[in-house]
Each structure stands twice: as C-alpha cells, then as structure tokens.
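Atoms within each ligand, like the ligands themselves, are counted from 1 in listed order. Bear in mind the structure is a predicted one, so any value in this text is a computation, not a measurement.
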Amino acid sequence: MSIKPRHFISLLDLTSDEFRFLIQRAIHLKNNRDPDYQPLKGRVLAMIFEKSSTRTRISFEAGMSHFGGSALFLSPRDTQLGRGEPLQDSARVISSMVDCIMLRTNSHATVTTFAQHSSVPVINGLTDVQHPCQLLADMQTYFEHRGDIKNKKVTWVGDGNNMCHSYIHAAMLLDFQLNIACPAGYEPSQEFVDAACGHIAFFDTVLGAAKDSDLIVTDVWASMGQEDEQRQRELAFENYQVNAEIMSAANKNALFMHCLPAHRGEEVSADVIDGVQSVIFDEAENRLHAQKALLEFLLCNQ
Ligand code: CP
Ligand code: NVA
C-alpha cells in the first residue's frame with residue numbers, strides 16, 4: 001500500500017513546532033542563499049490557478065527554480081479541468097507525473113477533494129476559506145522584525161475571510177492573542193471561532209481592537225470573486241479602515257501587514273501602508289523564502 005502524502009491545506013496541518021521550524025528555516029534560507037543547494041533537482045511542481053496571482057505564482061515558480069526543480073503553470077482555461085474532467089481523475093493523472101501540486105481555487109472543497117486523490121503533496125495556494133501560505137510569510141516577517149510572536153497582541157481589521165481564518169489558526173499554533181474587528185455579517189466562520197478557544201476576542205470598533213496591539217493586519221474589502229459586491233461592501237466596511245488614528249492606538253512599535261494586493265484609501269490609508277510601520281514588501285518577498293522552506297519540508301523529509 002502506498003504511503004499517504006503529506007499535504008499543506010491548512011496551517012493546522014502543521015504542529016506548533018513544525019510551524020516554528022519552518023519560520024526559522026525560511027529565515028535561514030533567506031540569509032544564506034546557496035545556488036549549489038538544489039534539493040529539488042529534477043522535481044516538478046504543478047500549479048493550478050483558478051484565480052489571478054502575482055505573488056503566489058512567482059514565489060513558487062522562483063522557489064522551485066532556486067532549488068533546481070521546475071514549475072508548471074496550469075490554468076483551467078487551457079487544461080481539461082476547465083472542460084469538466086472530474087477532479088478525482090485529474091488529481092490521479094497530474095499527481096502521477098509531478099512531485100507536488102499547488103492549487104488556488106474558488107472553493108476550498110476543490111483542494112480537499114483533489115488532495116484525497118493525489119499521490120503527491122498538495123499545497124493550498126488560497127481558497128475562499130484559507131490562505132495558509134500567506135501566514136508562513138507573515139509570521140516569518142514578524143519574527144524577523146520583532147522576534148517571537150508568542151503572547152503578543154495581533155489585531156485583524158475587516159473581512160472575516162480566508163486571511164482572517166488563517167490568522168485564527170496562526171494564533172492557535174503560535175500562541176498569540178487575536179483581536180478581531182469585523183462589520184456585522186462579515187465575521188469569520190463559526191467553526192474557526194469555536195476551535196480558537198481563548199485565542200480570539202471580538203470588538204465593536206477598530207480603535208478598541210487596535211489598542212495596545214503589536215501587529216495590525218487587514219485585507220481588501222472585496223476578495224477575488226466578490227467584485228459584484230464591491231459597492232455593498234464599501235458601505236459595510238466604511239468604518240473599517242486602518243489609518244493613522246488606528247495605528248496610534250496600537251503599541252508604538254506595532255507593525256502593519258497586508259497580504260496584497262491592496263486598495264489605498266479603502267481598507268488602509270496611503271500614509272499607513274507606505275509608512276514606517278508597514279512591512280508589506282518584506283511580507284511579499286517572504287512568500288518566496290517561506291514556501292521554499294515548505295517545499296523542502298514536504299518533499300525532502302519523507
Ligand atoms: N498575497 C497573495 O496571495 O498575492 P497574489 O494574489 O498576488 O498571489
Ligand atoms: N482575501 C483576498 C486575498 C488575496 C491574496 C482574496 O481572496 O482575494
């Protein structure tokens with residue numbers, strides 16, 4: 001019987017120790033780039049994108065290349081996936097030819113179904129429900145700038161969406177407090193809230209949530225696939241902007257993060273995202289280093 005591959009669909013696929021190991025490994029790989037270190041020589045990553053991407057695509061493709069491997073960009077438009085070939089069949093076929101598969105899909109169930117039928121590790125490159133790869137990079141960024149995040153206070157502002165869900169998981173694994181300020185009707189899913197026992201707290205105002213925080217994080221008001229809701233969301237989220245007033249309620253050395261792409265003047269003011277507390281470009285770059293650590297962990301540790 002074949003051994004089940006190790007997938008990365010949720011942050012909770014990692015233990016706390018493994019998450020901490022990946023953060024340290026990513027920092028090491030970033031600071032000690034060795035072109036002769038090619039642990040994935042000849043290995044292939046297939047990347048299936050149902051939605052657009054700049055950071056996820058480039059970081060995985062560059063990461064595979066640094067490690068001596070290669071990556072295939074597969075769009076449903078150009079493969080039989082877009083013509084209705086069953087996921088089960090696609091997963092079996094694609095995984096018989098490559099060493100790892102990354103998917104960015106509209107529905108989380110697509111990734112979980114795919115993983116059930118894949119003979120190689122499957123990585124979640126963002127679904128409607130979770131974005132675990134982004135959290136590897138965000139946490140690496142926090143550790144680099146401020147050290148361990150354990151017992152720190154993090155504030156999530158805005159949509160209780162895929163990013164917020166993965167922040168809840170990070171709070172559980174790395175043991176920090178997550179304050180959440182979401183408009184009514186846009187809270188995180190109950191199953192994530194229920195699982196977070198003691199790590200999260202809800203606030204009616206952004207100012208209240210941001211008080212004494214060490215890190216303030218937000219995301220777009222309308223995620224990919226929600227473009228039709230833009231107007232309605234602008235109204236619902238109008239009091240949910242991270243601006244200088246919010247940052248001044250946080251600790252003096254608080255950081256600002258955003259997974260990008262961002263809309264200046266909506267979820268964050270330009271002076272904050274382009275200001276001294278913002279580490280958005282480190283976050284973006286760290287997608288590369290964190291995912292190299294992840295690929296090495298999933299593909300070289302068997
Ligand atoms: N943050 C992030 O996942 O960016 P992309 O959509 O560009 O991949
Ligand atoms: N919440 C955003 C994240 C983009 C990286 C989206 O799903 O579009």
Side-chain angles (χ1 to χ4, degrees), residues 8-11 26 45-64 71 73-76 101-111 123-142 156-170 180-183 185-189 192 216-230 232-234 236-237 240-242 255-264 266-268 273 278-292 294-295:
F8 181 65
I9 294 170
S10 161
L11 272 184
L45 170 73
M47 306 187 298
I48 297 169
F49 282 97
E50 290 181 359
K51 296 178 177 181
S52 306
S53 168
T54 296
R55 280 144 288 267
T56 304
R57 176 178 178 180
I58 296 170
S59 53
F60 271 112
E61 203 161 323
M64 284 302 292
F73 174 78
L74 303 170
S75 134
I101 302 169
M102 191 237 67
L103 294 99
R104 167 168 286 197
T105 61
N106 295 306
S107 160
H108 193 74
T110 304
V111 175
I123 296 173
N124 176 359
L126 178 145
T127 66
D128 55 339
V129 181
Q130 296 184 46
H131 195 5
C133 288
Q134 184 67 48
L135 262 293
L136 298 181
D138 284 21
M139 293 300 103
Q140 178 190 343
T141 307
Y142 189 89
W156 176 265
V157 179
D159 201 358
N161 62 1
N162 42 14
M163 279 296 300
C164 180
H165 290 155
S166 289
Y167 260 91
I168 292 174
H169 284 166
I180 300 177
C182 298
Y186 296 93
E187 295 90 355
S189 301
F192 287 82
I216 309 276
V217 197
T218 192
D219 189 9
V220 288
W221 289 346
S223 284
M224 288 182 275
Q226 297 170 335
E227 289 78 7
D228 291 353
E229 300 172 28
Q230 177 68 27
Q232 162 198 335
R233 284 172 170 266
E234 280 172 15
F237 285 76
Y240 288 80
Q241 184 187 75
V242 179
L255 299 175
F256 171 78
M257 291 194 194
H258 189 309
C259 61
L260 305 181
H263 294 172
R264 287 166 175 78
E266 290 187 20
E267 74 274 9
V268 58
I273 196 168
S278 172
V279 289
I280 53 165
F281 295 114
D282 292 336
E283 265 183 282
E285 181 191 328
N286 284 341
R287 294 293 304 278
L288 169 67
H289 309 296
Q291 288 157 200
K292 283 171 74 174
L294 175 70
L295 288 164

With rounding to the nearest 0.5 angstrom, report the [atom1] to [atom2] distance, [X] to [Y].
X: T141; Y: L136; atom1: OG1; atom2: CG; value: 10.5 Å
X: E283; Y: S278; atom1: CD; atom2: OG; value: 7.5 Å
X: R264; Y: I273; atom1: CZ; atom2: CD1; value: 4.5 Å
X: Y167; Y: L135; atom1: OH; atom2: CG; value: 5.5 Å

Only pairs at least two apart or in different chains count here, so list each salt bridge (charged side-chain N to carboxylate O under 4.0 Å, His left out) that has a residue in residues 49-61.
R57-E61
Atom-level proximity to ligand 1, residues with heavy atom under 4.0 Å:
S53, T54, R55, T56, R104, H131, Q134, C259, L260, R287
Identify the residue among D128, T127, L126, V129 that makes a side chain to side chain contact (heavy atoms under 4.5 Å, CB included) with N162.
L126
If you look at each N/O of ligand 2, which protein N/O atoms lie under 3.5 Å away, and at what distance?
unit_1   : atom_1 : unit_2 : atom_2 : d
ligand 2 : 1 (N)  : N161   : ND2    : 3.3
ligand 2 : 1 (N)  : N162   : OD1    : 3.0
ligand 2 : 1 (N)  : D219   : OD2    : 2.6
ligand 2 : 1 (N)  : S223   : OG     : 2.7
ligand 2 : 7 (O)  : N162   : ND2    : 2.9
ligand 2 : 7 (O)  : S223   : OG     : 3.4
ligand 2 : 8 (O)  : M224   : N      : 2.8

Do side-chain atoms of H258 reach the backbone of I280 as a donor and acceptor pair under 3.5 angstrom?
no
Donor-acceptor contact below 3.5 Å, side chain E229 vs main chain E227
no
With F49, which residues qualify under ring pair (Phe, Tyr, Trp, His ring centres under 6.0 Å), at least two apart?
F73
